[in-house]
Amino acid sequence: MPQQSPPPTVIFWHRTDLRLHDNPALQAALSLNPSTFIPIFTWDPHYAYRVRVGPNRWRFLLECQDDLSQSYHKLNPKQKLWVIREAPQTVFPKLFESWGATHLVFESDTDGYARERDETVMKLAKEAGVEVIVKSGRTLFDSDEVVKHNKGEPTMSIHQVEKAVEQINNGVPDRPVDAPESVPDPLGEEEMRALSGVDHEVPDQEDDLNAAHRTKHNDNQYKNIAGPNGDFSIPTLNELSIDPSQATSPHHGGESIALEMLRTYLQQNEDFVATFEKPKTSPAAFHPQATTLLSPHLHFGSLSVRKFWHDVQDTLQQRESAHKPTSDIPTNLPGQLLFREMFFAAQAALGPVYAQARGNKIARFIPWHLQSNHDEETGLVERKYTIDDEQAEVWFRRWKEGRTGFPWIDALMRQLKYEGWIHHLGRHSVACFLTRGGCYVHWERGAEVFEEWLVDHETASNVGNWMWLSCTAFFTQFYRCYSPVAFGKKWDPEGLFVRYYVPELKHYDKKYIYEPWKAPVEDQKRWECRVTGDGMVEKDEETGLTTYPEPMFDFDERRQTCIAQMKEAYGVHLMGDDEKVMDGSWKEVFGYEVKDGRVVDETNERVDGDGGDDEGGQKRGREVGDQSGDDGDGGHTSKKKK
DNA sequence: TGATCGGTTGAAAAG
DNA sequence: CCTTTTCAACCGATC
């Protein structure tokens with residue numbers, strides 16, 4: 001450091017890097033030898049209100065923050081994670097001024113919103129004379145670099161990713177850097193607290209995408225810029241108006257947990273790590289699951305992806321020199337991480353339109369039901385979508401709630417909701433079922449449900465996989481449909497997975513566990529569950545028994561219809577950035593009719609039964625009423641076709 | 001240019 | 001019960 005310059009006062013901005021180990025940006029910050037070091041997290045209203053986040057992921061995030069804060073505290077009793085409750089776009093000038101910052105350091109983030117946010121903040125820093133340092137660290141390789149080595153184009157196959165990263169350090173990610181052994185002090189308590197005196201911008205809660213999860217209409221998470229006690233505390237679920245009992249997932253956040261999980265796999269399950277092949281892991285395995293469950297830690301950065309890669313790679317190399325079996329790219333663990341790189345780089349190349357069909361040049365246009373509405377100014381999806389077909393809306397609701405009448409699908413959707421995680425192939429099953437292999441509903445609807453419920457939700461991977469499964473991009477073999485019966489049976493012939501997550505069926509013979517509607521009525525009575533209705537009726541009127549819904553359609557018939565429609569759409573061959581998609585004239589091309597033109601606002605839609613409040617509830621009530629009205633022979637819903 | 005082949009992870013029937 | 005073949009047939013890279 002030049003002797004003349006004042007000792008740096010460094011603000012370190014944590015975002016999706018909630019860890020101390022292998023944090024290149026943190027290392028860069030500390031190598032400035034700051035006299036003052038303030039690690040912060042900005043509790044961004046964008047995430048609080050404009051991103052779908054269910055109770056399980058809220059809890060996971062808070063646990064990551066708690067763990068990180070404790071780790072800082074162990075290194076320096078004056079330290080912790082300082083949480084600031086305001087939008088970064090408005091709060092940074094106040095932080096710079098109030099704390100006299102000289103540097104702002106953070107890890108780069110290539111998400112659509114994040115890029116825009118960071119550009120704004122960098123501009124504000126420049127205006128305040130604060131030096132900004134940004135380091136890549138969220139992915140194995142800097143996604144912008146990967147794109148550059150892919151001719152500036154989105155990465156569309158693993159082969160392209162391999163070729164691109166070969167040109168960056170021969171395809172070997174940087175070695176992980178160690179966690180710091182000490183961190184400097186923050187400012188004194190008085191000086192830190194001085195921030196509470198500044199004007200505080202409280203965000204508008206009107207467009208709260210997560211209203212359905214809150215116990216109160218107006219939460220108080222933004223009441224004070226430094227939290228309720230003015231001490232920059234990490235929010236609690238109660239402060240977010242989220243009932244803690246709604247966070248039912250067994251999966252917990254935090255760097256300590258993540259590192260311990262990785263260590264355990266490597267030490268106690270070397271065979272599992274070394275011979276891992278994703279397609280051979282069971283989507284029906286639960287408690288414990290068949291894969292590592294490290295994905296949510298990669299999302300929040302409580303585990304470094306480079307540490308994961310190198311630790312696994314070291315194991316693979318040791319095994320190879322010992323002539324023990326190993327698995328290969330792309331099905332092995334490093335290969336799985338390459339798919340993550342692929343989706344990140346594709347997103348980095350395309351920006352915000354990556355996450356939607358309209359305007360997205362890699363997305364094949366398919367005239368699915370329940371198309372999104374778009375903001376006229378930005379062209380980006382808004383929370384509203386158009387119900388062109390009442391039947392499709394009912395199917396979508398039943399899919400989301402796990403009452404389709406197909407036990408394999410329902411078990412997966414219920415596991416997703418309660419645990420915040422389902423196996424990758426389970427995601428394939430339910431995604432294929434909702435889109436091209438069943439309901440013919442837009443993949444954006446499904447991606448939104450995953451966004452809400454997954455603890456490991458990562459926009460790049462989630463959207464990428466939804467496009468993959470719906471044959472929108474990356475994958476095109478639409479005649480390969482996952483059967484909701486055969487696929488589950490293949491992995492779990494006894495139906496243990498279904499019995500656990502759909503306990504209504506726990507006494508059913510394995511012969512009928514995936515097709516309970518085929519069981520004779522006498523057996524249904526013996527097994528204490530009647531297959532009848534749409535899942536909204538708890539007790540069968542006639543027998544008083546628990547019910548499980550009849551299948552909401554004839555799957556084989558739907559598969560045929562969907563494949564024929566996919567074939568037609570592929571024949572028309574419109575991409576998301578085609579003029580006809582942009583101006584809406586695709587409707588004429590496909591003879592797409594909007595029968596009632598209703599627009600649904602997803603915001604306050606409750607999914608747990610009886611409707612909730614406001615307009616959302618009314619709509620649902622009507623749909624549900626219609627359904628149970630003709631449940632006498634519910635399978636007949638499938639007869640409706642175009 | 002047209003043919004060939006591969007594509008992380010299919011399903012159902014036949015052997 | 002296991003493996004192999006057929007099903008119906010897509011895109012994009014490659015030669």
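Chain identifiers are assigned alphabetically (A, B, ...) following the order of the sequence lines, protein sequences preceding nucleic acid strands; residue numbering begins at 1 within each chain.
Residue contacts shown for A:Arg559 are limited to sugar-phosphate atoms, with no base heavy atom under 4.0 Å away. Looking at heavy-atom distances under 4.0 Å, A:Gln336 makes contact with a base. Residue contacts for A:Thr331: at a heavy-atom cut-off of 4.0 Å it reaches a base atom on one of the strands shown. At the heavy-atom level, A:Trp468 lies under 4.0 Å from base atoms of the strands shown. Using a 4.0 Å heavy-atom criterion, one finds that A:Lys567 contacts the sugar-phosphate atoms exclusively. Using a 4.0 Å heavy-atom criterion, one finds that A:Arg436 contacts no nucleic acid atom at all.
Rounded to an integer number of Å, the gap from A:Tyr479 OH to B:dA12 P is 16 Å. Taking atom CZ of residue A:Phe475 and atom C1' of nucleotide B:dT9, one finds them 9 Å apart after rounding to whole Å. Straight-line distance from the OH atom of A:Tyr482 to the P atom of B:dT9: 7 Å, rounded to whole Å. Between the CD atom of A:Glu568 and the P atom of C:dC10 there is a distance of 14 Å, rounded to whole Å. The distance between atom CD1 of A:Ile563 and atom P of B:dG10, rounded to the nearest whole Å, is 14 Å. Atom pair A:Phe478:CZ and C:dC7:C1' shows a separation of 14 Å (rounding to whole Å applied). Summarising the geometry, the separation between CE on A:Met575 and C1' on C:dC11 is reported as 10 Å, rounded to the nearest angstrom. One interatomic measurement links the two molecules: NZ of A:Lys489 to C1' of B:dA12, which rounds to 12 Å at whole-angstrom precision.
In this structure, A:Lys490 does not reach the B:dG10 phosphate: none of its side-chain N or O atoms is under 4.0 Å from OP1 or OP2.
Looking only at atom types and distance, the side chain of A:Ser249 has no donor-acceptor partner in the side chain of A:Asn56 under 3.5 Å away. If you check the side chains of A:Arg445 and A:Ser372, you find a donor sitting under 3.5 Å from an acceptor.
Closest to the side chain of A:Pro279, out of C:dC11, C:dC10, B:dT9, is B:dT9. Distances were taken from every side-chain heavy atom of A:Lys163 (C-beta onward) to each of C:dA13, C:dT14, B:dT9; the shortest belongs to C:dT14. Side-chain atoms of A:Ala486 lie closest to B:dA11 of the nucleotides C:dC10, B:dT8, B:dA11.
The strand DNA chain C forms stems, runs of 3 or more Watson-Crick or G-U wobble pairs with distances below 3.5 Å, at B:2-7 with C:10-15, B:10-15 with C:2-7.
Between A:Glu107 and A:Arg19, at least one side-chain N (NZ, or NE/NH1/NH2) sits under 4.0 Å from a carboxylate O, which counts as a salt bridge. Ion pairing between A:Glu504 and A:Arg403 fails under the 4.0 Å rule for side-chain N and carboxylate O.
In this structure, A:Phe339 counts as stacked on the base of B:dT8 under the 5.5 Å centre distance and 30° plane angle limits.
For CZ of A:Phe475, the number of neighbouring non-hydrogen atoms (other residues, nucleotides, ligands) closer than 6.0 Å is greater than 12.
Comparing A:Arg480 and A:Gly571 against DNA chain C, the residue whose closest nucleotide sits nearer the 5' end is A:Arg480.
Distance noted for atom C1' between B:dT1 and C:dT14: 13 Å (whole Å). Taking atom C1' in both C:dT5 and C:dA9, one finds a spacing of 16 Å when rounded to whole Å.
Ring-centre distance between A:Phe60 and A:His297: below the 6.0 Å cut-off.
A:Asp314 meets the salt bridge (Lys or Arg N to Asp or Glu O under 4.0 Å) test with A:Arg175; sequence neighbours excluded.
Not one N or O on the side chain of A:Trp443 forms a donor-acceptor pair closer than 3.5 Å with the backbone of A:Cys471.
The base of B:dG7 is paired with the side chain of A:Thr476 by a donor and an acceptor separated by under 3.5 Å.
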